Amino acid sequence: MVNVLRPRTVICSYCKAGPDAGAARTLAAREGCLTVTWHARTCPHYLADRILAGKEA
């Protein structure tokens, strides 16, 4: 049997973007939990997530 994780949606406390804003998102999975965090594309938290993931120089 496959155990499917239900994502937990988080709105960024800095930019307040959500899924309806057409914003960017970051995903994190650990210890049986999948988290989807929404950001504006210009949010410094989104940029930091991309840098930590090796997606930005």
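None of these values were measured; they are calculated from a predicted model. What you see below is based on every heavy atom in this structure, not just the backbone, and it leaves out hydrogens, waters and symmetry mates.
- Nearest approach of Ile11 to Ala17, heavy atoms of both residues: CG2-O, 2.9 Å.
- Remark: Arg8 CZ to Leu34 CG distance equals 10.0 Å, nearest 0.5 Å.
- His45 and His39 have perpendicular rings, their planes meeting at more than 60° on a 0 to 90° scale where under 30° would count as parallel.
- For Tyr14 against Cys43, the heavy-atom pair with the smallest separation is CD2-SG, 3.9 Å.
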